[in-house]
Amino acid sequence: MLLALLWCGALGFADDYIKAFKHNKDGVSEKTKLVAQGALGLIVGLAVWASDDIVIREKVYTPEATVVAADQGTLAAEEVTSISFKEARTTIPLVKNHEFDYQWLFPFEGPFARYVKWILYVLMIILVVTACSNGVNLTDGIDGLAAGTSAIVGIVLGVLAWLSGNVVNSEYLNIMYLPGTGEMAIFMAALVGALLGFLWYNSYPATIFMGDTGSLALGGIIGVGAVLLRKELLLPVLCGIFLMESLSVILQRIYFKRYKRRHGTEGRIWSRTPLHHHFQDNKIPDGHIKYPKPQPPHHEAKITARFWIVGILLAVGTLALLKIR
């Protein structure tokens with residue numbers, strides 16, 4: 001977690017430094033950012049694969065034990081043992097035990113299947129870390145938006161970290177028991193506290209700003225935290241705001257290029273992206289717009305508050321999914 005903070009924070013600082021002191025508005029190139037974020041994901045993925053401390057622990061019941069009672073003789077009982085598994089297993093809702101093994105994607109077994117499974121898992125980790133870091137970075141466009149939504153996500157990850165690291169609570173809630181994740185609960189609590197303190201001055205009208213130094217670091221922390229908690233497949237729901245912002249940029253670019261190639265004029269899905277700017281925009285861009293901006297445009301404080309509400313609903317929905325059997 002500290003590596004993610006320092007790694008992505010340094011990447012963001014380099015971007016801010018180039019923009020502020022080198023007077024280059026482009027900053028670090030997109031390709032360089034993707035390579036650096038992918039490298040962090042690779043390091044985390046290899047650590048998850050190689051470290052003997054990153055395991056899933058389960059209780060195993062065997063009926064072979066016996067209990068000797070003074071007045072009732074010998075009785076059969078279940079022996080409870082704890083076994084640690086080194087598996088590429090993660091959490092997914094709406095299935096039995098909420099568990100998904102990446103090996104289920106392959107119709108074959110054996111040593112080769114095990115290697116392929118871990119390769120796929122490491123690639124998934126790279127994708128998650130890169131997507132989260134960029135998602136928060138794109139969301140950081142108006143006062144308080146990225147900080148508030150990141151704090152909501154941090155609270156949920158902190159709760160899941162505390163529950164997953166407690167053998168009693170994890171068994172009661174039927175989630176993976178992951179030894180040591182209580183440490184992550186402390187980290188997430190510190191993160192949320194820092195974000196709330198920052199939000200005091202970053203709420204509209206903001207007097208301080210996080211820049212790429214903060215937004216890339218926040219996304220890296222969220223991505224790595226979700227991976228270590230085996231909750232990366234829940235991120236499309238939990239981080240729905242970040243996903244929506246990222247998709248709006250990707251779809252806008254694809255639509256713009258295809259429309260211009262077909263019609264020779266500019267075409268957009270939304271007036272501006274990331275999506276929060278669409279509701280805020282006062283400018284009318286030239287060309288075709290599939291979904292025109294709202295009239296009148298919303299104030300950025302209202303946009304931020306409504307995005308926070310959606311983020312809270314998504315956070316509650318994420319926790320609710322883990323209770324659906």
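Numbering of residues begins at 1 and proceeds along the displayed sequence. Everything numeric here is computed off the predicted structure, so don't read it as measured data.
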Testing the basics here: between [X] and [Y], what is the closest heavy-atom pair and its distance to 0.1 Å?
{"X": "Gly220", "Y": "Ala4", "answer": "O-CB, 3.9 Å"}
{"X": "Thr181", "Y": "Ser164", "answer": "OG1-C, 3.4 Å"}
{"X": "Ala88", "Y": "Trp118", "answer": "N-CZ2, 3.6 Å"}
{"X": "Pro274", "Y": "Ser248", "answer": "CA-OG, 3.7 Å"}
{"X": "Gly158", "Y": "Ala185", "answer": "O-CB, 3.7 Å"}
{"X": "Val136", "Y": "Ser150", "answer": "CG1-OG, 3.9 Å"}

I want to check something: taking the side chain as every heavy atom from C-beta on, are [X] and [Y] in contact at a cut-off of under 4.5 Å?
{"X": "Leu34", "Y": "Asn134", "result": "yes"}
{"X": "Met1", "Y": "Leu228", "result": "yes"}
{"X": "Met244", "Y": "Leu247", "result": "no"}
{"X": "Leu233", "Y": "Val128", "result": "no"}
{"X": "Thr91", "Y": "Leu322", "result": "yes"}
{"X": "Leu145", "Y": "Ile142", "result": "yes"}
{"X": "Glu87", "Y": "Val55", "result": "no"}
{"X": "Leu120", "Y": "Met124", "result": "no"}

Using a 3.5 Å distance criterion without hydrogens, assess whether the side chain of [X] forms a donor-acceptor pair with backbone atoms of [Y].
{"X": "Trp7", "Y": "Ala36", "value": "yes"}
{"X": "Thr304", "Y": "Asp143", "value": "yes"}
{"X": "Ser29", "Y": "Thr32", "value": "yes"}
{"X": "Asn202", "Y": "Gly144", "value": "yes"}
{"X": "Asn166", "Y": "Asn169", "value": "yes"}
{"X": "Ser51", "Y": "Val48", "value": "no"}
{"X": "Glu99", "Y": "Arg89", "value": "no"}
{"X": "Thr207", "Y": "Tyr201", "value": "yes"}

Verify same cluster id: [X], [Y] (apolar side-chain graph, 4.5 Å):
{"X": "Leu2", "Y": "Leu40", "value": "yes"}
{"X": "Leu199", "Y": "Phe307", "value": "no"}
{"X": "Met184", "Y": "Ile152", "value": "no"}
{"X": "Leu216", "Y": "Met210", "value": "no"}
{"X": "Leu11", "Y": "Leu3", "value": "no"}

* Could you go through the ring pair (Phe, Tyr, Trp, His ring centres under 6.0 Å) check for His299 and Tyr204 one step at a time? => CA-CA 10 Å; His299 192 278; Tyr204 182 85; 4.6 Å; yes
* Take Val44 and Trp49, measure what side-chain contact (heavy atoms from CB on, under 4.5 Å) needs, and give me the verdict at the end. => CA-CA 9 Å; Val44 174; Trp49 166 68; over 6 Å; no
* Asked: Going by the angle between their ring planes, with limits at 30° and 60°, are His263 and Tyr259 parallel, tilted or perpendicular?
  -> tilted
Separation between [atom1] of [X] and [atom2] of [Y], rounded to the nearest 0.5 Å:
{"X": "His277", "Y": "Ile303", "atom1": "NE2", "atom2": "CD1", "answer": "9.0 Å"}
{"X": "Ile269", "Y": "Lys290", "atom1": "CD1", "atom2": "NZ", "answer": "7.5 Å"}
{"X": "Phe242", "Y": "Leu235", "atom1": "CZ", "atom2": "CG", "answer": "10.0 Å"}
{"X": "Ile125", "Y": "Leu42", "atom1": "CD1", "atom2": "CG", "answer": "9.5 Å"}
{"X": "Leu229", "Y": "Leu160", "atom1": "CG", "atom2": "CG", "answer": "6.5 Å"}
{"X": "Leu314", "Y": "Ile309", "atom1": "CG", "atom2": "CD1", "answer": "12.0 Å"}

* List the steps and the verdict of side-chain contact (heavy atoms from CB on, under 4.5 Å) for Leu275 and Trp270. => CA-CA 8 Å; Leu275 191 58; Trp270 300 280; 3.7 Å; yes
* Asked: Cut-off 3.5 Å, side chains only: do His276 and Glu245 have a donor facing an acceptor?
  -> yes
* To do: Could you verify whether a donor N or O on one side chain and an acceptor N or O on the other, from Asn137 and Asp212, lie under 3.5 Å apart?
  =>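 Indeed, the side chains of Asn137 and Asp212 share at least one donor-acceptor pair under 3.5 Å.
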* side chain to side chain donor-acceptor pair (under 3.5 Å) partner of Thr90, chosen from Glu232, Arg230, Lys231 ->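 The single option meeting the side chain to side chain donor-acceptor pair (under 3.5 Å) with Thr90 is Glu232.
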* To do: Please indicate whether Phe13 has more than 12 foreign heavy atoms, meaning atoms of other residues, nucleotides or ligands, lying under 6.0 Å from its CZ.
  => no
* Verify salt bridge (Lys or Arg N to Asp or Glu O under 4.0 Å) between Arg268 and Glu266, making sure each step is shown before the conclusion. => CA-CA 7 Å; Arg268 296 172 173 84; Glu266 296 182 355; 3.5 Å; yes
* Residues Leu195, Leu218; criterion side-chain contact (heavy atoms from CB on, under 4.5 Å); working and verdict -> CA-CA 10 Å; Leu195 284 171; Leu218 286 174; 3.8 Å; yes
